[in-house]
Each structure stands twice: as C-alpha cells, then as structure tokens.
Protein chains: 2
Amino acid sequence: MAGRSQKKTTSHPLEDFKVGVDNIIFSVDTTQNRLLVLLVMRQEEPFRDRWSLPGTLVRQGESLEEAAYRILSEKIRVNNLYLEQLYTFGGPHRDPRESPESYHVRYLSVSYFALVRFEEAELIADGVTGIAWYPLEQVPQLAFDHNQILKYGYQRLRNKLEYSPVAFEVLPELFTLGDLYQLYTTVLGEGFSDYSNFRARLLKLGFLCDTGKKTSRGAGRPASLYRFDAEAFAPFKDKPLVFV
Amino acid sequence: MAGRSQKKTTSHPLEDFKVGVDNIIFSVDTTQNRLLVLLVMRQEEPFRDRWSLPGTLVRQGESLEEAAYRILSEKIRVNNLYLEQLYTFGGPHRDPRESPESYHVRYLSVSYFALVRFEEAELIADGVTGIAWYPLEQVPQLAFDHNQILKYGYQRLRNKLEYSPVAFEVLPELFTLGDLYQLYTTVLGEGFSDYSNFRARLLKLGFLCDTGKKTSRGAGRPASLYRFDAEAFAPFKDKPLVFV
DNA sequence: CCAAAAGTGTTCCTTTTACACCCATGG
DNA sequence: CCATGGGTGTAAAAGGAACACTTTTGG
C-alpha cells in the first residue's frame with residue numbers, strides 16, 4: 001500500500017474507510033458428526049434481528065489480527081484455536097450504512113477463519129445478544145454478504161484440512177485415530193478415504209506417536225491414544241504434504 | 001465486517017483508514033529464463049527514491065479490484081493477465097505517515113498478485129516515474145513492508161502454478177510444450193520434473209489440444225503448437241489437480 | 001553428417017485403492 | 001458368544017522417476 005500521486009487527489013477524492021473484521025468460527029461436534037459455525041444475532045441496524053458472523057470494527061491502535069482475537073474472546077472461551085486471515089471484501093455498496101447520508105465512509109471487511117475445539121469452547125452469553133452454533137447445512141440467510149464469506153471460508157477449511165495439520169489444533173492433546181478420522185469425515189464428507197488407508201498413511205508419516213495409553217468408549221476394542229508430535233512434523237512444514 | 005455495539009465507541013474510538021492496493025506484477029521472460037517483478041520508483045515521501053510495488057489509494061466509489069486494475073493499466077499495457085487478491089496487511093505503524101501529526105488515520109494495504117505475458121506487456125513510462133522489471137533475485141530493499149509482501153506473493157505464485165492453470169493465462173494463444181515447460185522451470189526451479197514426464201502428464205489430462213501447426217525456432221525438430229482448451233479443463237475445476 | 005530440439009517408450013519402483021481378515025472389549 | 005469398533009495385511013491398479021531412444025529440423 002501507500003502514498004501515491006497526491007496531485008490527482010483533487011479530481012479523484014480518496015475514500016475513507018471503517019474497517020471491520022468478521023470471523024468464521026468453525027468447530028466440529030464429533031459426537032453428532034456435525035460441522036458447526038458460530039453465529040450471532042444482530043442487535044442493531046442494519047440487519048437487526050438477522051443472524052450474522054461475529055464481527056467488530058477495528059479500534060485505534062489495534063491490528064487486524066488483534067481485532068479478530070478480540071471478537072473471538074468476547075464470544076467464546078477457548079484454549080486452543082487456529083486462526084488465519086481469509087479474504088478482504090471491500091466493494092462499495094456492501095454495507096447499507098454507506099448510503100448517501102453517511103457521505104463517503106465505506107465499510108470494508110477483512111474476514112478471518114478460525115477453528116476451535118468444540119468440547120472446550122464455552123459460549124459467552126451476555127444475556128442480550130443471541131449466539132449459537134449452527135450446523136453448516138442449516139445456516140439461514142445472514143446479514144450483509146456473510147453467506148458468501150461463509151461459503152468461501154468453508155472452502156478454505158476443506159483445503160486446510162487436506163494439506164496442513166490444522167486438525168491437531170482442535171483435537172484434544174490425546175486422541176484416537178478414530179477421532180481424527182471422524183473429524184476429517186465430517187468436514188470433507190464420507191468417502192474421502194477409507195479408515196484403514198487413512199490410518200496407514202498417517203502413521204507412516206511418523207508425526208503421530210502412540211502413547212501406549214488406551215481408551216475405551218462403550219463397546220469395541222479399546223483404542224490407542226496418540227499425540228501429535230510437532231517436532232517430528234517440522235520437516236513437512238511447507239511441503240506439499242497430503243493428509244488424504 | 002459491519003455494525004457492532006456502538007455503545008462502546010466512546011471508550012474505544014474506532015480507527016479511520018485509508019485503503020491502499022499494492023500489486024505484485026509477475027512476468028516470465030522466457031528468452032532469458034527469468035522471473036520478473038514490476039517495481040516503481042517512489043516520487044514522494046515517505047520512502048522517496050526507493051523502489052516499491054506499484055500501488056494506489058482507493059478512490060471514492062471504487063472497488064478494491066478496480067483499484068488494482070487501475071494501477072496495472074497505468075503502468076503497463078497488456079491484453080492477458082491473471083489477477084487475484086493476496087493478503088491484507090493492516091497492522092498499525094506499517095506506514096510512517098501514521099505518525100502523531102496525522103492523527104489516527106491508518107494505512108492498510110490490500111495486496112493483489114498478477115501474472116502478465118512478458119512479450120506483450122508494454123511498460124508505460126510517464127517520463128517522471130521510474131519503472132522497471134526486476135529479476136526476482138535482484139530485487140533491492142523496497143519501501144514499506146513490500147519485501148515481505150513480495151515474498152508472500154512469490155510463494156503464492158509457485159502454489160498457483162502447481163495446482164491451477166494460471167500458466168495458460170500468460171502464454172500466447174498457441175504455444176509449444178517446450179514453452180510451457182520452460183515457464184514452469186523458471187518459476188519452480190530446475191528439477192521439478194523432467195521434460196518427458198511433464199509432457200506425458202499434461203497430455204494425458206486432455207485439455208491441451210494439438211493444433212497440428214508446427215513452429216520452428218532455429219535448430220531442432222519443429223514443435224507442435226498447442227492450445228489450452230478451457231472446455232476440456234472444466235471438469236478439473238476445483239479438483240486437487242496437480243500439474244507437476 | 002552432426003548438433004539440437006521435439007517427441008516416444010520402457011523399466012523400475014512407490015503409492016493408492018479396495019478390500020478381507022484378525023483382535024479386544026462390553027453386554 | 002456376538003455385536004462393535006480397533007487394527008493389520010495384501011493383491012491389483014495406478015502413478016511417478018529416470019533414462020534410453022527415435023524423429024526432424026538447421027547448418
């Protein structure tokens with residue numbers, strides 16, 4: 001970015017912006033095999049009483065990422081999370097507040113996409129704002145262009161799962177290969193790979209270490225608990241690794 | 001983006017932004033096997049007389065993408081190009097103009113990454129601004145955080161080449177498989193695949209059609225001219241296709 | 001005829017896919 | 001003892017890597 005020919009400024013006035021950050025917060029409910037996204041009910045105009053992605057306007061001295069973390073921490077309490085910038089939506093007319101009276105202040109949205117651990121994510125209800133996890137297929141019509149943003153974010157989530165170890169950011173410290181497989185299945189859909197092949201590939205890569213501990217959940221043979229070994233993963237960083 | 005609790009505005013004033021768009025414009029000089037990036041010499045403060053990525057501030061009523069195209073068309077004349085949004089850099093203190101006197105106006109940069117056809121890209125020299133293609137390895141220290149942005153863009157370019165058909169956006173309508181291979185080689189580096197394997201894979205995919213025409217460049221057997229068949233490529237859209 | 005570039009084919013090896021089958025536990 | 005999920009193995013097919021070889025041109 002940055003300083004251009006000021007001479008042309010007179011004939012082509014610059015736009016003034018408010019910058020918003022919107023978060024797509026995903027989590028996976030492994031008990032019900034559902035991919036969830038966090039929505040909040042808007043309390044004020046425009047789009048009052050419509051569901052929307054949790055967002056905020058950037059404050060003085062605050063970085064974009066800081067703003068993204070701020071929203072997150074206002075809505076949920078969580079220990080582990082993955083967060084990355086998604087895309088910037090900035091065309092004119094995407095926010096009704098830009099209408100004539102507000103005289104050339106434009107609203108631009110930098111969207112972030114997050115993945116949190118469902119089991120430990122505690123929603124913060126402030127008694128005023130509606131807030132809820134929505135299964136992805138049941139998301140209603142949202143405020144602004146948020147449906148579009150969400151669609152884009154879902155795409156990104158699927159890509160990330162395939163070639164980066166985001167899954168381990170949202171699994172418990174110790175997990176079974178069944179847990180891992182189920183997470184992949186609910187996000188990527190059935191049939192991306194069968195369990196035994198998935199299992200074999202992951203184990204061969206060598207960054208999952210068997211802790212020896214076993215866990216038993218109802219019927220069936222107890223499963224080994226694994227841990228993601230970040231050290232062992234390091235060599236794969238930035239490589240075109242494929243998890244599926 | 002969009003409207004949040006206005007009640008908190010008093011204690012936490014919002015930031016006002018100017019939004020800039022910076023372009024990383026790549027091209028490949030196949031005659032010299034070099035990957036080039038377009039730089040312009042800054043004419044005003046800050047960073048006067050430093051090379052930088054071509055950029056502009058967004059004008060009233062202009063979308064981000066429009067601004068990106070505007071820069072491009074001010075700097076080069078070109079028919080074919082590929083353009084996509086890269087990343088948004090928006091931390092405070094990335095632009096010296098944010099300093100005390102300018103009173104909370106922040107400069108945010110939405111970067112775009114473009115690939116143009118070198119042979120037909122005609123630089124527009126306005127007699128004032130320096131403008132030049134730089135081989136990637138020879139890029140000097142740039143203004144702002146532009147070296148960082150460039151690094152990120154180069155990464156993206158390599159990824160794009162591997163799993164999407166961007167190459168065909170910058171090759172002539174008719175091209176030889178040698179041309180294609182050379183483009184991949186200069187961007188990805190020697191040894192990403194040998195020619196005959198590269199060739200076999202691409203042809204098997206079936207979206208390159210042999211026009212029957214031949215071209216002869218100096219010594220050696222004349223090469224067939226191929227055309228990229230967008231129709232035939234359609235089924236691969238969004239698939240995890242690999243070109244190398 | 002030779003060098004240079006285009007184009008074809010073959011061999012070896014690794015990975016992927018689709019299964020079948022064994023193991024350990026709760027009821 | 002059997003249903004349930006965990007875990008192992010294997011055979012066939014596909015894909016990748018390396019390299020040898022043929023073809024067609026200019027000089």
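Lettering follows sequence order; numbering is per chain, from 1.
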*asked:* Listing request: all salt bridge (charged side-chain N to carboxylate O under 4.0 Å, His left out) pairs with a residue in residues 163-182 of chain B, at least two apart in sequence or in separate chains.
replied: Glu173(B)-Arg227(B), Asp179(B)-Arg217(B)
*asked:* With a 4.0 Å cutoff (strictly under), does any side-chain N or O of Arg199(B) reach OP1 or OP2 of dT8(C)?
replied: yes
*Base-contact (B) and sugar-phosphate-only (S) positions in nucleotides 11-16 of chain D, heavy-atom cut-off under 4.0 Å, - elsewhere*: -----S
*Of all of residues 210-226 of chain A, which get a heavy atom below 4.0 angstrom from DNA chain D, listed by number?*
Gly220(A), Arg221(A), Pro222(A), Ala223(A), Ser224(A)
*asked:* If the condition is side chain to side chain contact (heavy atoms under 4.5 Å, CB included), which residues does Ala125(A) pass it with, not counting sequence neighbours?
replied: none
_Arg156(A): salt bridge (Lys or Arg N to Asp or Glu O under 4.0 Å) partners, not counting sequence neighbours_ = Glu84(A)
*asked:* Once side-chain hydrogen bond (donor to acceptor under 3.5 Å, both in side chains) is applied, do any residues pair with Arg70(A), and if so which ones, sequence neighbours excluded?
replied: Thr56(A), Glu62(A)
*Give the ring-plane orientation class for Tyr82(A) versus Phe113(A), where under 30° counts as parallel, over 60° as perpendicular and anything between as tilted.*
perpendicular
_Going by side chain to side chain contact (heavy atoms under 4.5 Å, CB included), name the residues that satisfy it together with Ser52(A), two or more places apart in sequence or in a different chain._
Val40(A), Arg42(A), Ala143(A), His146(A)
*Nucleotide dT8(D), atom C1' - distance to CG of Leu203(A) in whole Å*: 11 Å
*With sequence neighbours excluded, tell me which residues meet side chain to side chain contact (heavy atoms under 4.5 Å, CB included) with Phe233(A).*
Pro165(A), Phe207(A), Phe228(A), Phe236(A), Lys237(A), Leu241(A), Phe243(A)
_Pairs where residues 202-212 of chain B contributes a residue and the test side-chain hydrogen bond (donor to acceptor under 3.5 Å, both in side chains) is met, not counting sequence neighbours_ = Asp210(B)-Ser224(B)
*Mind checking side chain to side chain contact (heavy atoms under 4.5 Å, CB included) for Arg221(A) and listing every partner two or more places apart, or none if nothing turns up?*
none
*asked:* Below 4.0 angstrom, which residues in residues 170-196 of chain A have at least one non-hydrogen atom near DNA chain D?
replied: Tyr195(A), Ser196(A)
*Return the set of residues passing salt bridge (Lys or Arg N to Asp or Glu O under 4.0 Å) with Glu190(A) (not counting sequence neighbours), or none when no residue passes.*
none
